[in-house]
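What follows is one structure encoded as structure tokens, with my remarks underneath.
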Amino acid sequence: MKLSVPGRATGVTALAVAALLTTSAIADAAPTRAAAAPDIPVANVKAHLTQLQSIATANGGNRAHGRAGYKASLDYVKGKLDAAGFTTTIQQFTASGRVGYNLIADWPGGNANQVVMAGSHLDSVSSGAGINDNGSGSAAVLEAALAVSRAQYQPTKHLRFAWWGAEELGLVGSRYYVNNLSTTNRAKISGYLNFDMIGSPNPGYFVYDDDPAIEKTFKDFYAGLGVATEIETEGDGRSDHAPFKSAGIPVGGLFTGASNTKSAAQAAKWGGTAGQSFDRCYHSSCDTTANINDTALNRNSDALAYAVWELSE
């Protein structure tokens, strides 16, 4: 039956109202979700690596604990964070007779009783600039923090970023930080994500398997790229996640390999050269800006941001 003109108008209005009410009900029922993680521009991460290389070159070729190159590296990172609106804190300690520093950066807001941390060690060994180990992790964590600022991201949980000193002397800076947390403040950290060597020139894609929820977050990201991952074993317990794990804090992270040799199966899966170390310049003078695989650095930087956004919403 056709509607008359007045009847048609009334019917259309009724349908529109019904549709609006239905849409509103659906919107009310749907859970709100934080904004998706941004793509991290690898050019920005590499620009930080260039700065770290320049700092090393100007300071005896390294950025090691207790040396001028380390303090200059810390000042560079701190300057970027301060300008972006973070609250930064420098924590001082002593190791091997030299003063060392951790840098902690808190993003305003979020539930202070649920803290998500992402961190990396900023020091190099004394024999080189340490651009993969661990400029790569430090630069990616910095750029993820700056992405938080650019997005003015307001997650449910509180975000904290950290750059550790004296990792190369035995995880000294991160251990000092964890040991100086009160029992209450330790309990507030819902997860610590570690990034140590994420741009190895002959890379693998390794995920820490310490905490199932964090591990799944990283694996989900890589599954979305169609990139297979393996459980990280080479650096197990040898980086800054270890003190957090020992304190009962959930930990996770990413790694692209150090002195271990890439197998034929891994080369078939990931590309690169079988029979060669993941990083032939590990702890050597050739660990410069030329010692970075851009694809691995890009993927891991994006995975880092994805995990920060997913775990803090």
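Bear in mind the structure is a predicted one, so any value in this text is a computation, not a measurement.
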Establish whether [X] and [Y] are linked, either directly or via other cluster members, by ILVMFWY side-chain heavy-atom contacts under 4.5 Å.
{"X": "Ile214", "Y": "Ile249", "result": "no"}
{"X": "Tyr101", "Y": "Leu171", "result": "no"}
{"X": "Ile104", "Y": "Val141", "result": "no"}
{"X": "Phe195", "Y": "Met117", "result": "no"}
{"X": "Tyr70", "Y": "Leu169", "result": "no"}

Is the shortest side-chain heavy-atom distance between [X] and [Y] below 4.5 Å?
{"X": "Arg67", "Y": "Asn59", "value": "no"}
{"X": "Leu146", "Y": "Asn44", "value": "no"}
{"X": "Pro201", "Y": "Asp279", "value": "yes"}
{"X": "Lys188", "Y": "Asn113", "value": "yes"}
{"X": "Ile292", "Y": "Ser136", "value": "yes"}
{"X": "Trp107", "Y": "Gln152", "value": "yes"}
{"X": "Thr233", "Y": "Asp209", "value": "no"}
{"X": "Ser259", "Y": "Glu234", "value": "yes"}

Side chain to side chain contact (heavy atoms under 4.5 Å, CB included) evaluation trace for Ile131 with Leu52: CA-CA 7 Å; Ile131 297 304; Leu52 294 177; 4.2 Å; yes
Basic-acidic side-chain contact under 4.0 Å: Arg150, Glu143: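 Yes.
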Exam field: side chain [X] to backbone [Y], donor-acceptor pair closer than 3.5 Å:
{"X": "Asp123", "Y": "Glu167", "result": "yes"}
{"X": "Asn202", "Y": "Ser277", "result": "yes"}
{"X": "Ser263", "Y": "Ala274", "result": "no"}
{"X": "Trp163", "Y": "Leu74", "result": "no"}
{"X": "Glu232", "Y": "Phe255", "result": "no"}
{"X": "Asn134", "Y": "Met197", "result": "yes"}
{"X": "Arg63", "Y": "Gly130", "result": "yes"}
{"X": "Asn194", "Y": "Val251", "result": "no"}
{"X": "Ser127", "Y": "Ser285", "result": "no"}

side-chain hydrogen bond (donor to acceptor under 3.5 Å, both in side chains) between Asp106 and Thr87, worked out: CA-CA 5 Å; Asp106 285 275; Thr87 300; over 6 Å; no
side-chain hydrogen bond (donor to acceptor under 3.5 Å, both in side chains) between Asn62 and Ser124, worked out: CA-CA 6 Å; Asn62 68 73; Ser124 73; 4.7 Å; no
Asp294 and Asn298: side chain donor to acceptor below 3.5 Å: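 Judged by distance alone, the side chains do not pair up.
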Polar contact flag, side-chain donor to acceptor under 3.5 angstrom, Tyr176-Asn102: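 The answer is no; no qualifying pair exists.
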Passing option when Tyr205 is tested against Tyr222, Phe218, Phe278, Phe221 for ring pair (Phe, Tyr, Trp, His ring centres under 6.0 Å):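 Single pass found, and it is Tyr222.
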Crowding at NZ, Lys262 (>12 non-hydrogen neighbours, <6.0 Å):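 Counting neighbours around NZ of Lys262, more than 12 heavy atoms of other residues, nucleotides or ligands fall under 6.0 Å, so yes.
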Lys80 atom NZ: more than 12 heavy-atom contacts under 6.0 Å: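 Result for NZ/Lys80: open.
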Trp164 ring center near Phe93 ring center (under 6.0 Å):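 Not close enough - the centres of the two rings lie 6.0 Å or further apart.
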Pair Tyr177 + Tyr192: ring centers closer than 6.0 Å: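 No, too far apart.
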Arg98 vs His65, side chain to side chain contact (heavy atoms under 4.5 Å, CB included): CA-CA, chis, key distance, verdict: CA-CA 8 Å; Arg98 295 175 180 263; His65 163 73; 3.6 Å; yes
